[in-house]
Q: 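The structure under discussion is supplied below as C-alpha cells; questions concerning it will follow.
Order of the sequence lines sets the chain letters (A, B, ...), proteins ahead of strands, with each chain counted from 1. Keep in mind it's a predicted model, so treat the numbers as computed, not measured.
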Amino acid sequence: MKKKELSIFDKKILEEAFINSIKKLNPLELLRNPVMLSVEIGSVITTLNFFYDLTTHNKHAWFSGNVSLWLWLTVLFSNFAESIAESRGKARAQSLREAKSNLFAKKLKNKDDKTYEQVPASSLKKGDLFLLEKDDIIPIDGELIEGVLLVNESAVTGESAPVIREFGTDKSSVTAGTKVVSGTGVAVASVNPGETFIDKMISLVEGAKRRKTPNEIALDILIISLTVVFLVVVINFRALSYYSVYSTHKGSIVSLVVLVALFVCLAPTTIAALLPAIGIAGMDRLFRKNIIALSGRAIEAAGDANVLFLDKTGTITYGDRQAYKLIPVEGVSEEELAKVAHIASIGDSTAEGKSIFAFTKEKYNISADIKDYKVIEFNASTRISGVDVGNDQYRKGSSDAIEKYISSLGGVIPKNLDRIVEEVAKEGGTPLVVAKNDKIYGVVYLKDIIKPGIKEKFKELRRAGIKTVMITGDNPLTAATIAAEAGVDDFLAQAKPEDKLRLIKKYQEEGYMVAMTGDGTNDAPALAQADVAVAMNSGTQAAKDAANIIDLDNDPSKLIEVVEVGKEILITRGAITTFSIANDISKYFVIIPAAVSKSYPELNILNILHLENPYIAILSAVIFNAVVIPMLIPLALKGVKYRPIDAQTLLVRNLSIYGIGGVLFPFFGILIIYWICEIIWRVL
Amino acid sequence: MLFSSITTGVSCGAVNAMFDSFTPLGGLIPMSLISLGEIIFGGVGSGLYGMLAMVIIAVFVAGLMIGRTPEYLNKKIEAKEMWSSVIIALVAGVISLLLTTLALYTKWGLSSISNPGPHGLSEVLYAYISASNNNGSAFAGLNANTVFYNITTGLAMLIGRFVPIIAVFYMASSLSLKKHIPPSPGTLPTHTLVFGVWLIFIIIVVGALTFLPAFSLGPILEHMLMLKGVTL
C-alpha cells in the first residue's frame with residue numbers, strides 16, 4: 001500500500017463528503033443520531049417561523065432567518081464530520097482494492113491436473129483451486145496446498161523484500177494483489193470475491209453496517225438523556241416566561257426561535273456531531289498502519305487490554321542471534337580467538353555468521369585479506385561450518401559437535417571449555433565453539449539481541465497499567481534471562497499452544513483483558529479466546545478466522561500500536577464530551593439574560609459578557625455552537641494523542657485542557673463572534 | 001438558615017422556619033440542595049444513591065478521558081449502568097420541571113399562588129422539587145391543599161422518588177453480575193482531590209444547570225428586584 005498521507009483537504013474526498021453530508025439530512029438517516037435529529041427538527045421549526053415572519057413583515061425576520069441558517073449548518077457540519085471520516089477510510093481501502101481489479105486466475109479442475117483455464121479473478125469462489133507460477137499476480141486470498149513460493153507483497157505491505165510462502169507451514173497464506181517472484185504452487189481460494197478483509201474494512205467504514213460499540217452506546221445514552229432534559233428545561237422556560245408576563249403584565253413571552261436556539265446550544269451537539277467520526281477515524285488510523293480491524297468493538301477492546309501476550313521473536317528480540325562477546329580458552333588471547341572466528345565466518349551467509357564477521361571486524365579491528373578460500377557449508381550430520389584457507393581448517397559449531405570433531409583429529413579439549421560453555425548457556429546465550437585445525441580457541445557468545453527502546457516501552461506500559469507477558473519456545477533459563485533484560489512482567493517458556501490458552505484463561509478469570517498476536521493454525525484456539533486477537537496476514541486461514549484484527553505487515557510488535565489507537569479513540573470521545581458539556585455553562589450565561597432582557601432587565605447581572613444586543617447575543621451563541629464542530633473535526637480525525645502515563649496525571653492533563661478550556665473558550669469565542677456580528681449589524 | 005440547609009441537604013423533611021419568609025437567595029440555597037437530588041452523604045434514605053449516580057456519570061466521562069472503558073469500584077460501566085444513573089440523577093428534576101410547567105399553564109395551578117411575581121414561581125417550583133426529591137417540606141405561601149396540587153405533587157413523589165429506586169435496583173443487579181477488574185496504575189483513582197473537583201463540576205453542570213433558567217426567573221430575579229426595592 002502506498003504510504004502517502006491522505007490530506008483532510010483532498011479535493012475529491014471533500015467533494016464526496018460534501019455531497020454525502022447533504023444526503024444525510026434525510027431524517028431517517030439521522031435516526032442513528034437522535035441529538036442531531038432534534039437539531040434538525042429545531043431547524044425546521046425556526047425556518048417555518050422565518051417564513052411566517054417574512055409574510056407578516058416582522059422586523060425580527062433577520063433574526064429567525066439567521067438562527068435557522070446556522071441551525072441547518074450545525075446539522076450539515078455534523079454530517080460532514082461523519083462523511084469525511086467515511087470518505088477517507090473508503091478512499092484508503094479503495095486504493096488497495098484497485099490493485100486487485102482486472103486480475104486473472106489460472107483455475108484448476110483438480111490438484112494433480114495442471115492444465116488450467118484462464119478466468120477473471122472475480123469468478124473464483126471459495127474452495128476453487130488455482131495455479132500460481134512465476135510473475136503471476138495472486139488473484140484472490142487463498143492458502144497454498146502445494147509448493148513453495150517467493151512472493152513480493154510490497155503492493156499490500158510496502159515491504160520490498162520478498163517473503164516465502166510454503167504449503168504445510170504457518171506461512172501458507174497468499175494475499176490477493178501480491179506477486180509471485182519465483183516458484184510454483186497450487187492454492188485454494190479461502191474467500192468468495194467481495195468477502196476479503198479489504199471488503200470487510202470498507203463495509204465497516206460505511207455507515208449502514210457500522211455497529212455501535214458498547215462505549216458508544218453508553219455515551220449515546222448519556223447525551224440523549226441530557227438532550228431530553230434540556231428539552232424539558234426549554235419547555236419549562238417557556239412556562240416560566242408565560243407566568244412572569246401573566247403575573248407582572250410586562251414584557252413578552254420568550255419567542256419560539258429563542259427557545260429552539262437555547263435548546264440547541266444546551267444540547268450536547270458537539271460530541272453528538274463528532275462521535276461517529278471519532279470511531280471511523282480510529283479504524284482509518286489503524287488502516288494507515290496497515291492494520292485492518294474487523295470490528296469497532298475489537299479496537300475498543302484493545303484500548304482496554306491490560307495484559308499483552310508478546311511473541312519474543314520479532315517483538316522483543318530481533319529473532320536471530322548475534323555475536324555479543326568472545327571468551328577464549330586458557331592460553332589463547334582474545335585477539336587470536338577473534339581472528340580465527342573472523343576467518344571461520346567468511347562467506348557465511350547466515351545471520352549469526354554475518355554478525356560474528358562484523359563483530360570481530362569492528363571490535364577487534366580484524367580484516368582478513370584472504371582471496372583464496374573454500375567455504376564449508378553447515379551440514380546437518382556434522383553440524384559444523386567453516387572455511388578452508390590453504391591447509392588451515394577454520395571451524396565453528398556447537399560445543400559437542402566441535403569436541404567430537406577435534407577428538408577425531410586427535411586434538412585436546414581445553415580444560416575450562418565446558419565451564420565457559422555452561423556459563424554462556426546459563427546466561428541465556430548460545431555458545432559457539434571456534435577451532436583452527438585441531439586446536440580449540442574459544443567460544444563466541446551469541447545472544448538474542450533485545451530491540452532498542454523496547455525496555456523503555458514496557459516500562460511506559462507498566463505505568464499505564466498494562467502487563468506484558470513474553471511467549472517463547474526457549475527453555476525456561478534462557479527465557480528468564482531475556483525476560484529480565486527486556487523488563488517484561490511475566491513469561492511463558494517452551495510455550496505450547498495449550499499453555500498459551502491456559503495462561504490466557506487464567507488472566508481472564510482474574511478479570512484482565514488479554515491481547516495477543518499469532519499466525520499459526522495452532523495459535524487459533526488462543527486467538528479465539530483472547531479479547532484482542534491480532535493475526536498476521538501471512539498466517540494460516542484458521543488463525544485469521546479466529547482473530548479480530550489483521551496485520552498486513554506481519555509485524556507482531558504492532559500489537560502495542562493497536563492498544564494505543566484503541567485508547568486514543570476513548571480519550572478523544574471523553575475529551576470532546578467534557579468540552580461539549582463544559583461549553584453549556586457559558587452558553588447559559590449568554591442566552592438566559594438575553595432571552596428575558598425585555599421583561600426583566602434586572603437579570604442583566606447574569607450577562608457577565610455584557611452583550612448589549614440580546615438578539616445578536618443569542619445568534620452568536622448559535623453560531624459558536626455550529627462552528628465549533630468543524631473546528632474540532634481535525635481533532636476528532638487525528639485523535640487526542642495517548643501518552644503512557646498513569647491515570648491520575650492523564651486525567652489532570654485532559655481535564656485542564658478540555659474541562660477548564662471548555663468553560664473558558666466559549667466566552668471568548670462568543671464574544672468575538674458577537675463583535676463581528678455587531679459590526680456587520682451596524683454596517684447594514 | 002443553617003438548619004434549613006442541613007434539612008434539605010440530607011432530605012430529612014423537618015422545618016424550623018417557613019422558607020417562604022426567607023430572603024430570595026436564602027430560599028435558593030435549600031432549593032438548589034434539594035434539586036441536586038439530595039446527594040449529600042448520610043441523608044436519610046436516598047442520599048447515597050443519588051450521589052453514586054453522579055459519581056458514575058463523572059467516572060464515565062473521566063474514564064473515557066484516560067483511555068479505558070470506565071470502571072467504578074472495579075466494575076465496568078456500560079449501557080445498563082448508564083441508563084440507571086441518568087434516571088436516578090435526572091428523573092426527579094425532569095418531573096418537577098414538567099409539573100411546574102403544567103401548574104403555570106393552568107388556572108388550578110395559578111390560583112393557589114399567594115405571592116405574585118417571581119416569588120410565587122419559587123413557591124410552585126419548590127413544591128414540586130421538594131415533592132419529587134425531599135420528604136415534602138413546603139416553601140409555604142402556596143396553597144397546596146387543592147385537588148390539583150395534591151394530585152400533581154403525589155405524581156411528583158411517585159415518579160421522582162420511586163422510579164430512581166427501581167433504577168438503583170436495576171443497576172445493582174447488573175453490577176453484581178459483572179466481572180471484577182483488578183486495579184492497576186491505569187485505573188482511574190476516585191479518591192483524589194482532582195476527581196472530587198471533577199465530580200462537583202459534573203454535579204453542577206448536570207444537576208444545577210437544569211434548574212438555572214427556573215432559578216433565574218424565580219429566586220435570582222426576586223433577589224435582584226428586592227435589591228432594587230421593587231415590590232410587585
Q: Does any backbone or side-chain atom of Val94(B) lie under 4.5 Å from a heavy atom of chain A? Answer side chain, backbone, both or neither.
A: both

Q: Would you give the length of the straight line joining atom CZ of Phe60(B) to atom CZ of Arg573(A), rounded to the nearest 0.5 angstrom?
A: 8.5 Å

Q: When you compare the side chain of Val61(B) with that of Leu222(A), does any pair of heavy atoms fall below 4.5 Å?
A: yes

Q: Please classify the contact between Arg643(A) and chain B as side chain, backbone, both or neither, with a heavy-atom cut-off of under 4.5 Å.
A: neither

Q: Name the member of Val228(A), Val640(A), Val233(A) that forms the most heavy-atom pairs with chain B at distances under 4.5 Å.
A: Val233(A)

Q: Determine yes or no for a side-chain-to-main-chain donor-acceptor pair under 3.5 angstrom, with Asp304(A) supplying the side chain and Arg68(B) the backbone.
A: no

Q: Taking all non-hydrogen atoms of both residues into account, name the closest pair between Asn215(A) and Pro70(B) and its distance.
A: OD1-CD, 3.7 Å

Q: Under 4.5 Å heavy-atom distance to chain B, tell me which part of Leu651(A) shows up: side chain, backbone, both or neither.
A: both

Q: Indicate yes or no: at least one non-hydrogen side-chain atom of Leu655(A) is less than 4.5 angstrom from one of Val194(B).
A: yes

Q: Once rounded to the nearest 0.5 Å, what's the spacing between atom CG of Leu64(B) and atom OG1 of Thr572(A)?
A: 10.0 Å

Q: Is a side-chain N or O of Asn654(A) found less than 3.5 angstrom from the main chain of Met65(B), in a donor-acceptor match?
A: yes

Q: Does any heavy atom of chain B fall under 4.5 Å from the side chain of Leu266(A), the backbone, both, or neither of them?
A: neither

Q: Atom OG1 in Thr101(B), atom OH in Tyr243(A): separation rounded to 0.5 Å?
A: 14.0 Å

